[in-house]
S.K.: 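Structure in structure tokens, see below.
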Amino acid sequence: MSMNDRYEPKSIEPRWQRRWEEAGAFRAGRRPSAQKRYVLEMFPYPSGAMHMGHGRVYTIGDALARYLRMRGFDVLHPIGFDALGLPAENAAIKDGRHPAERTRENIVAFRGEMKRLGYSFDWDREISTCDAEYYRWNQWFFVKMLERGIVHRREGKANWCTGCETVIANEQVVDGDRCERCESPVVQKVIPEWAFKITAFAQELLDGLDQLGEWPERITTMQRNWIGKSVGAEVDFAIPGAPPLKVFTTRVDTIFGCTYVVLAPEHPLVEQVTTSERRAEVRAFVDRMRKTDAIDRMGENGPKEGVFTGAHAVNPYDGQKVPVWIANFVLAEYGTGAVMSVPAHDQRDFEFARKYGLPIRVVVQPAKGEKLPAGDALERAFTEDGVLEASGPWTALGSAQARDRMAAEAAAKGFGEATVRWHLRDWGFSRQRYWGTPIPIVYCPEHGAVPVPEDQLPVVLPEKAVITGKGEPPLAKVPEFVNTTCPRCGKPARREVETMDTFVDSSWYYARYLSPHDDRRPFDPEAARRWLPVDTYVGGPEHAVMHLLYFRFWHRVMRRLGLVHEDEPCRRLVTQGIVNGPDGRKMSKRWGNVVTPGPMVDRYGADTLRLFILFAAPPEKDIDWSDEQVEGLFRFLARVWRLFHARQDCFQARDAALAEAAGDFLELRRRTHRTIKKCTESFEGELKFNTGIAALMELVNALYGLEPKADAERAAVREALVALATLLAPFAPHVAEELWHEVLGAAARERLLSDAAWPAFDPALVAADTVTIAVQVNGKLRGEVQAPVSAGEAEVRALAEAEERVKAHLAGKTVRKVVFVPRRLVNFVVG
RNA sequence: GGGCGGGUGGCGAAACUGGCAAACGCACUGGACUUAGGAUCCAGCGCCGCAAGGCUUGGGGGUUCGAGUCCCCCCCCGCCCACCA
């Protein structure tokens with residue numbers, strides 16, 4: 001038995017990886033006259049070693065990139081490292097190792113594993129965000145955005161992570177009060193910080209979603225909700241002896257039904273308006289609310305609690321006085337921190353009113369159907385639009401029209417206006433951390449915050465790091481860094497010691513790949529014209545409202561700077577599912593169910609691992625790791641391997657003989673061409689690699705049943721083998737190269753399969769000439785007949801009626817109707 | 001509470017515009033080859049039934065000659081958001 005008879009991935013994979021590299025097979029820009037495709041996967045944060053989730057994203061993207069290259073496109077498929085961030089710094093606190101050192105090591109490990117998996121990256125374009133060569137452009141963008149007023153310094157409440165001891169964005173708070181990265185409790189703290197005015201782009205970012213037809217709908221919906229536009233009106237309620245109370249409402253049409261107003265416990269007017277006899281009770285309530293965590297107070301279905309302040313406010317529309325309450329469910333941060341309550345038309349208000357015996361007044365009736373009973377008899381709030389009643393001059397108007405007119409009235413009379421509220425907050429990006437991009441600002445006693453001029457960038461992160469995770473930011477503890485001179489007047493000054501959120505790094509890296517070593521600008525706008533937008537972006541859905549919103553924002557900023565020209569950074573988004581452990585639970589040390597790519601490649605080879613990942617399910621679905629399935633896919637590749645070696649006698653067969661193929665071998669040719677079609681379709685539209693691979697398996701199964709003898713038969717087998725190797729290339733590229741070279745021999749010596757053309761199918765062979773037609777009687781399957789594709793109803797009906805089983809079911813019945821679907825079925829409806 | 005996905009054999013999954021449900025793989029069963037088989041090849045494999053036949057895509061109803069697919073009601077699971085006025 002020769003060595004070649006056993007499938008040994010270890011002996012073939014490194015060889016082809018070397019050949020690809022030597023040939024520069026995956027360099028972008030090799031086909032300047034061809035159409036471009038930009039395939040991007042979210043770059044990894046290089047913590048420890050690669051895990052299976054990484055294996056999945058890059059395998060999905062790589063299959064697509066390899067396919068597109070074979071289709072003749074000029075493909076850009078880059079990779080880099082999201083190298084700055086908290087985990088490296090937290091680890092440094094534990095063991096004292098410098099984040100840079102650790103990160104470098106991790107990158108080396110990651111790069112090694114990625115190469116072993118055979119990913120077709122253009123490694124010449126590799127970037128790391130921790131290089132000054134990269135982050136200097138973060139600083140450059142910062143300065144440009146500061147000039148344009150997109151960056152501002154704000155003094156405000158911020159989320160303060162008690163674990164990281166750093167400010168984090170609203171968008172990074174999870175579970176109400178947990179840090180997204182370290183899961184420590186988050187508290188509110190007043191702190192000065194730098195922020196991007198992403199809210200100024202809210203409308204654009206919302207409108208842009210309509211262009212993202214190739215994004216999963218659930219992602220665009222999540223962004224829509226996150227941006228959270230609500231159109232409404234701000235209305236002033238007068239309180240004697242106090243400033244007017246501003247309330248925000250989306251339902252100003254219901255304001256004649258307002259029977260009380262409610263303030264957040266933290267509302268600044270609370271102290272002022274509370275009457276002396278109510279004071280003690282109000283204070284007790286406010287204190288209690290302060291002590292309760294936000295999560296408890298606003299948690300699911302918590303009791304709605306409130307207390308009367310003793311004050312009254314005047315509804316400006318009808319002059320009615322309504323009581324002023326405070327309650328736990330009103331959020332100080334949202335809107336104006338005060339709401340008008342219309343119990344008849346808001347369920348929450350309804351429940352509150354019932355609990356505290358406040359009046360309920362119906363002012364909107366359903367446009368059709370039964371009228372609502374009076375407030376006291378109401379069973380639940382009627383919250384839909386309808387027709388106004390008992391609403392002064394607006395009575396009988398529809399809700400929508402009433403809202404417009406009533407807001408206009410408020411503006412005309414000066415007690416309010418139509419407004420828009422957004423859920424989206426500005427993106428605070430100051431971090432009291434070391435391992436990030438220094439914010440290029442100098443504080444001068446005379447000139448205040450002065451941006452570092454462009455020609456003095458980058459502000460390099462000092463190598464010396466004092467990382468304790470406590471007290472002042474690490475950079476504040478490095479005097480050589482802190483002490484500088486003012487760029488404007490030259491006098492002694494102090495540098496900003498905060499660094500940027502690492503979401504800044506990932507907001508524009510896709511553009512840096514276009515000219516990764518450019519030292520005059522963040523990237524070459526000419527290259528951007530060729531390559532942007534990204535055609536397919538692959539990554540996890542957990543980034544739906546952070547990274548994926550930030551990079552859309554940044555793209556728009558870059559457009560304002562004249563660097564890019566489209567509205568959106570990326571055309572199609574593919575969100576891949578999780579790889580769970582064999583037990584179906586999320587992989588975790590805690591469960592001891594972690595499987596990593598490295599050992600799997602050692603054991604089965606990269607091709608088997610890749611095939612498993614792609615075959616288990618379509619990309620979007622979660623999959624469970626399965627040792628048995630992996631074994632099965634290894635066996636499949638070994639089976640393919642043996643097939644080629646058992647059919648070496650066919651390698652020399654000539655295509656000229658193909659036309660003579662008949663019988664089983666004509667069937668084989670048909671199957672070959674159908675497989676090409678099926679496999680091609682698995683890359684177009686929705687990615688469905690699992691069915692493409694299944695088609696290859698069917699072709700292999702068919703080949704195992706055939707013993708070619710004549711020339712034409714050998715030619716048909718050779719045709720199938722060549723197609724099989726070629727179609728396998730995006731999924732299992734190493735074994736595909738090996739077998740392709742074996743079957744083609746000298747003809748392919750200097751070439752690479754990775755560079756070869758994707759096969760075309762012959763439509764004449766894909767179209768069958770006879771088909772199996774199902775025969776039903778009253779919708780139930782009673783037999784099947786073979787008929788020519790072109791067979792008409794009469795012909796098929798005659799064939800069907802000749803079938804014994806069909807005859808039995810038709811016996812003694814009258815055929816009332818015959819339904820005929822060409823090429824598919826015939827259905828006798830009998831009575 | 002809201003939004004978005006899902007629910008198909010023992011398991012992972014297929015099924016184009018409504019047209020033979022379960023392709024392909026795993027597991028399992030039988031056979032062949034073999035000193036041996038945890039290798040390989042061949043065959044079987046939704047459920048009930050000896051069979052003829054009947055039943056089957058979370059449950060119930062509907063539209064249709066025909067429904068996994070369309071419509072209505074309900075149940076369950078996952079993810080995201082959440083007292084958003």
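Numbers restart at 1 for each chain; the letters A, B, ... are given by sequence-line order, proteins then strands. What you are looking at is a predicted structure, and each value in this text was computed from that prediction instead of being measured.
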S.K.: What are the residues of residues 686-694 of chain A, sorted by number, that bring a heavy atom to within less than 4.0 Å of RNA chain B?
M.R.: Lys688(A), Asn690(A), Thr691(A), Ala694(A)
S.K.: Take atom C1' in U34(B) and the same atom in A15(B), then report the distance between them in whole Å.
M.R.: 41 Å
S.K.: Do the ring centers of Phe352(A) and Tyr260(A) come within less than 6.0 Å of each other?
M.R.: yes
S.K.: Answer yes if the ring centres of Tyr604(A) and Phe612(A) are under 6.0 angstrom apart, and no otherwise.
M.R.: no
S.K.: Mind calculating the distance between CZ (Phe820(A)) and P (C65(B)) to the nearest angstrom?
M.R.: 19 Å
S.K.: Just call it for Gln629(A): base, sugar-phosphate, or nothing, with non-hydrogen atoms closer than 4.0 Å on any strand.
M.R.: base
S.K.: On a whole-Å scale, what distance lies between the C1' atoms belonging to A14(B) and G46(B)?
M.R.: 14 Å
S.K.: Name the nucleic acid region contacted by Thr772(A), choosing base, sugar-phosphate or nothing; use a 4.0 angstrom heavy-atom cut-off, strictly under.
M.R.: base
S.K.: C41(B), C24(B), C20(B): which one has an atom nearest the side-chain heavy atoms of Phe615(A)?
M.R.: C24(B)
S.K.: Rounding to an integer number of Å, can you tell me how far Asn580(A) CG sits from C11(B) P?
M.R.: 17 Å
S.K.: Roughly how far apart, to the nearest Å, are U57(B) and G7(B) at atom P?
M.R.: 14 Å
S.K.: Using side-chain contact (heavy atoms from CB on, under 4.5 Å), reason through Leu696(A) and Val700(A) one step at a time and then give a plain yes or no.
M.R.: CA-CA 6 Å; Leu696(A) 294 178; Val700(A) 170; 5.6 Å; no
S.K.: May I ask you to decide whether Lys677(A) forms a salt bridge with Glu681(A), counting only side-chain N to carboxylate O separations under 4.0 Å?
M.R.: yes
S.K.: Tell me the interatomic distance from Ile623(A), atom CD1, to A13(B), atom C1', rounded to whole angstroms.
M.R.: 12 Å
S.K.: Ignoring the backbone of Trp226(A), work out which of G53(B), C26(B), C81(B) is nearest its side chain.
M.R.: C81(B)
S.K.: Parallel, tilted or perpendicular: which one describes the rings of His547(A) and His543(A), with boundaries at 30° and 60°?
M.R.: perpendicular
S.K.: For RNA chain B, whose closest nucleotide is more 5', that of Val821(A) or that of Trp422(A)?
M.R.: Val821(A)
S.K.: Expressed in whole Å, how much space separates the C1' atoms belonging to C47(B) and G10(B)?
M.R.: 12 Å
S.K.: Between G1(B) atom C1' and Phe329(A) atom CZ, what is the distance in whole Å?
M.R.: 14 Å
S.K.: Between Lys678(A) and Glu698(A) (salt bridge meaning N to carboxylate O under 4.0 Å), is one present in this structure?
M.R.: no
S.K.: Answer yes when Asp622(A) and Arg56(A) have at least one side-chain N-carboxylate O distance shorter than 4.0 Å, and no when they do not.
M.R.: no
S.K.: May I ask you to evaluate whether Asn701(A) reaches the phosphate of G25(B), defined as a side-chain N or O under 4.0 Å from OP1 or OP2?
M.R.: yes
S.K.: I'd like to know if Arg797(A) pairs up with Glu801(A) as an ion pair, taking the criterion as any Lys NZ or Arg NE/NH1/NH2 lying under 4.0 Å from an Asp or Glu carboxylate oxygen.
M.R.: yes
S.K.: Hey, does Gly228(A) reach any base, or is it just sugar-phosphate, or nothing, if we go heavy atoms under 4.0 Å?
M.R.: nothing
S.K.: What's the CD-P distance between Gln347(A) and C84(B), to the nearest Å?
M.R.: 12 Å
S.K.: Mind checking the C1' distance from G19(B) to U64(B)? Whole angstroms is fine.
M.R.: 12 Å
S.K.: Counting Watson-Crick and G-U wobble pairs only, both distances under 3.5 Å, name the nucleotide matched with G5(B), or none.
M.R.: C77(B)
S.K.: According to the Watson-Crick and G-U wobble definitions, with both distances under 3.5 Å, which nucleotide is paired to C16(B)?
M.R.: none
S.K.: Quick one: on RNA chain B, does Met697(A) or Arg805(A) contact a more 5' nucleotide (nearest heavy atom)?
M.R.: Met697(A)
S.K.: Nearest to the side chain of Asn225(A), which nucleotide is it out of C16(B), G3(B), G53(B)?
M.R.: G3(B)
S.K.: Taking only side-chain N and O atoms of Arg348(A), does any of them lie within less than 4.0 angstrom of OP1 or OP2 on C84(B)?
M.R.: yes
S.K.: Which one is paired to A43(B), where only Watson-Crick or G-U wobble pairs with both distances under 3.5 angstrom count?
M.R.: U29(B)
S.K.: Tell me whether the OP1 or OP2 atom of C42(B) has a side-chain N or O from Tyr704(A) closer than 4.0 Å.
M.R.: no
S.K.: So that I know where these two stand, are Phe615(A) and Phe731(A) an aromatic pair - ring centroids less than 6.0 Å apart?
M.R.: no
S.K.: What integer distance in Å separates Glu620(A):CD from C4(B):P?
M.R.: 18 Å
S.K.: What about Gln776(A): does its side chain form a donor-acceptor pair under 3.5 Å with the base of G66(B)?
M.R.: no
S.K.: Distance between the P atoms of A21(B) and C16(B), in whole angstroms?
M.R.: 14 Å
S.K.: Distance check needed: A85(B) P versus Asp385(A) CG, whole Å only.
M.R.: 13 Å
S.K.: To the side chain of Asn827(A), which of A85(B), C83(B), C65(B) is closest?
M.R.: C65(B)
S.K.: State whether Arg639(A) places a side-chain N or O below 4.0 Å from either non-bridging phosphate oxygen (OP1 or OP2) of C42(B).
M.R.: yes
S.K.: Taking any heavy-atom pair under 4.0 Å as a contact, classify Glu628(A): base, sugar-phosphate, or nothing.
M.R.: sugar-phosphate
S.K.: What's the closest nucleotide to the Arg635(A) side chain, out of A85(B), U40(B), C41(B)?
M.R.: U40(B)
S.K.: Could you classify G9(B) for me, syn or anti, using a glycosidic angle within 90° of 0 as syn?
M.R.: syn
S.K.: Rounding to an integer number of angstrom, what distance separates G78(B) and C73(B) when you compare their P atoms?
M.R.: 24 Å
S.K.: Using the C1' atom in both, what is the distance from C80(B) to U29(B), to the nearest Å?
M.R.: 45 Å
S.K.: The side chain of Arg782(A) lies closest to which of these nucleotides: G54(B), G25(B), C65(B)?
M.R.: G54(B)
S.K.: Watson-Crick or G-U wobble partner for A23(B), using a 3.5 Å limit on both distances?
M.R.: none
S.K.: Counting side-chain heavy atoms from CB outward, which of U40(B), A13(B), G53(B) is closest to Arg642(A)?
M.R.: U40(B)
S.K.: Please state how far atom CG in Asn778(A) lies from atom P in A67(B), giving the value in whole angstrom units.
M.R.: 12 Å
S.K.: Return the nearest nucleotide to the side chain of Pro618(A); candidates are C24(B), A13(B), C65(B).
M.R.: A13(B)
S.K.: Under 4.0 angstrom, heavy atoms only, what part of the nucleic acid is Ser626(A) near: base, sugar-phosphate, or nothing?
M.R.: nothing
S.K.: Honestly, is Arg639(A) close enough over Tyr704(A), meaning NZ or CZ under 6.0 Å from the six-membered ring centre and within 45° of the axis?
M.R.: yes
S.K.: From the set G12(B), C84(B), C4(B), return the single nucleotide nearest to any side-chain atom of Glu217(A).
M.R.: C4(B)
S.K.: Mind checking if Val339(A) touches a base, just sugar-phosphate, or nothing, with heavy atoms under 4.0 Å?
M.R.: base
S.K.: Measure centre to centre between the rings of Trp427(A) and Phe503(A), then say whether the value is under 6.0 Å.
M.R.: no
S.K.: Kindly point out which of C65(B), G25(B), G5(B) is positioned nearest to the side chain of Lys817(A)?
M.R.: C65(B)
S.K.: Check whether the side chain of Arg824(A) and the base of C16(B) form a donor-acceptor pair under 3.5 Å.
M.R.: yes
S.K.: Side chains of Asp253(A) and Leu388(A): closer than 4.5 Å at any heavy-atom pair?
M.R.: yes
